[in-house]
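What follows is a single structure, written as structure tokens, with notes after it.
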Amino acid sequence: MKKTLLLAGLCLTAMAVRAQNPIVQTWYTSDPAPLATADRLYVYTGHDEDRADFFWMYEWRIYSTADMVNWTDHGTPLGLHSFSWADDRAWAAQTIERNGKYYWYVCAHSKISHGMAIGVAVADSPTGPFRDALGKPLFENGSWDHIDPTVMIDDDGQAWLMWGNPRVYYLKLNDDMISYSGEVGMLPMTEEAFGSPAMNEREKGKQYKDSYVEGPWLMKRSFFPLNKKGKPAKKAQQLYYLLYAAGGVPEHISYSTAPAPTGPWTYAGQIMPLEDTKSFTNHCGVADFKGHSYFFYHTGKLPGGGGFGRSAAVEEFTYNADGSFPTIHHTDQGVSPIGTLNPYQRQEAETIAWSVGVKTEQNDQTGVFVSDIQNGDYIKVREVDFGTQGATTFTASAASALQGGKIEVRLDSLGAKPIAVAEVPHTGGWEQWQTVQAKVAQTTGKHDVFLAFRGNKGAKLFNFDWWQFK
């Protein structure tokens, strides 16, 4: 996915005309797990390393949005290094909030049991800093089944944790969210519940309608089913949903429903059918945010991506009247904006709707910033509202150990005439930040803004921390 591959850059540029998926282009971001708050939606992802030929995964990442199109990169607040007992395979994970604390349930290979284990980290903020809550796994027994945890807090306050491949394990978490009561259970793997029984129980030659594989997502929802007259019932009905990767390799997304977390579960059908997503796995999560319902999943559709280079994507959907999921197809277009971006507030450079060529880095002093900027790269942000008064000055913070370069500000099209050009000089180092300014050809109204980078060809130009209009 490196910018030296000209074809990859051209592909991304062509996609940017109409694309919003994948939602992150700077890194591969697998197994998206959304968490909605009142004003922001957070997505916790895995990280597939570039040029991987297996699931090379050593850390987890966080992204957030207020408008569903501009995503802020919060970096890597959690990795294998955060857990003294873990040494490999930072696979799928999910975060949940309880009593003002955020609990991040992960799976990783354990040095202790030499199998996969379930761990938990905790923080006071949705973006961390996170720390290992126990100093040991929450659950392990040496098996390789223990992957892809999902968590839900029920209306009565009981928290449930589920995980597993090729079957579903569950336990009841205590109120502290870092311990559990009772024994670990297993959901009955039957044809009625998941479309087929467990692999070792299947009849030879029989064609089954589906099969659970991995990546469960547990949720509960209330809805008002329609009566015979087509009107909503007066009494709400509640259902538990378990969404999961299904069907073997390649995977599609299916789901089952139940009156309780322990069942009995009933197979309900496919949600995202098998399509050419360029990835042989899939992993989903669902969130309601600002009156909209969103389905997150991953594809391998970034240049250089594939089954071991996956990227988070999202689609908006509406539940059917009977509470069931509609069929959801993957798209490159993604979702529509549900808000605007204020250019007169400081905006982090790593808040991005679409980008070509650039990466992000982080350190303890600056936090996350945009890096690997070369000639021809760009960042696009959407729904930027300049209002009626208009902007007259563009300000940015950048750093360069070499000759620097230019930030050209363009509206609505990468090919438009720049409304501002900020010169970034040699600042003395790649993290020696300097504020640069440029006059703006006065602009008003709402626009997509392209920040196009220009300078010496083939060389890294500068790093980019933030920008603001005045």
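Source: prediction; values computed, not measured.
The side chain to side chain contact (heavy atoms under 4.5 Å, CB included) test with Y105 is passed by exactly one of T95, L173, T150: L173. Partner F194 forms a side chain to side chain contact (heavy atoms under 4.5 Å, CB included) with one of D210, L187, V213, T266 and no other, that one being L187. Tested against I253 for a side chain to side chain contact (heavy atoms under 4.5 Å, CB included), the candidates F295, Y244, Y297 yield a single pass: F295. Each of Q347, R382, E383 was checked for a side chain to side chain contact (heavy atoms under 4.5 Å, CB included) with L341, and the lone residue meeting it is Q347.
The closest donor-acceptor contact from the side chain of R410 to the backbone of F450 lies at 3.5 Å or more, if one exists at all. One N or O on the side chain of D322 and one on the backbone of S324 form a donor-acceptor pair closer than 3.5 Å. In this structure a side-chain-to-backbone donor-acceptor pair under 3.5 Å is missing from W163 to A117. Looking only at distances, a side-chain donor or acceptor of N282 sits under 3.5 Å from a matching main-chain atom of H298.
Here Y28 contributes atom OH and F308 contributes atom CZ; the two are 13.0 Å apart, rounded to the nearest 0.5 Å. Interatomic distance, E192 CD to T190 OG1, rounded to the nearest 0.5 Å: 4.5 Å. Between D332 atom CG and Q20 atom CD the span is 11.0 Å, to the nearest 0.5 Å. Considering NE2 of H283 and OG of S30, their distance stands at 8.5 Å, rounded to 0.5 Å.
A cation-pi contact, defined as under 6.0 Å to the ring centre and within 45° of the axis, is absent between R61 and Y44.
In this pair, Y241 and Y255 present their aromatic rings parallel. The plane angle is below 30°, not in the 30 to 60° band. Ring geometry for H114 against H109 counts as tilted: the plane angle lies between 30° and 60°, on a 0 to 90° scale.
We find that R98 and D175 are joined by a salt bridge, their nearest charged nitrogen and carboxylate oxygen being less than 4.0 Å apart. Checked for salt-bridge contact, D48 and R310 meet the test: a charged N lies under 4.0 Å from a carboxylate O. A salt bridge is absent between D145 and R167: the closest approach of a Lys/Arg side-chain nitrogen to an acidic carboxylate oxygen does not fall below 4.0 angstrom. With salt bridges taken as basic N to acidic carboxylate O contacts below 4.0 Å, one links K359 and D50.
A heavy-atom distance below 4.5 Å is not found between the side chains of V122 and W104.
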> Going through the checks in order, is the salt bridge (charged side-chain N to carboxylate O under 4.0 Å, His left out) test met by D87 and K111?
Replying inline: CA-CA 6 Å; D87 60 6; K111 300 176 185 177; over 6 Å; no
>> Go through it in stages, so that I can follow the logic: the residues are V368 and H74, the test is side-chain contact (heavy atoms from CB on, under 4.5 Å), and I'd like the CA-CA distance, side-chain angles, deciding distance and then a yes or no.
In response: CA-CA 7 Å; V368 181; H74 299 284; 5.6 Å; no
>> Run V106 and L78 through side-chain contact (heavy atoms from CB on, under 4.5 Å) and show every step you take.
In response: CA-CA 10 Å; V106 306; L78 194 69; 3.9 Å; yes
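Atom NZ of K235 has 12 or fewer heavy atoms from other residues, nucleotides or ligands within 6.0 Å.
The aromatic ring centres of Y208 and Y267 sit 6.0 Å or more apart. The aromatic ring centres of W466 and F464 sit 6.0 Å or more apart.
For D88, there are no salt bridge (Lys or Arg N to Asp or Glu O under 4.0 Å) partners two or more places apart in sequence or in a different chain.
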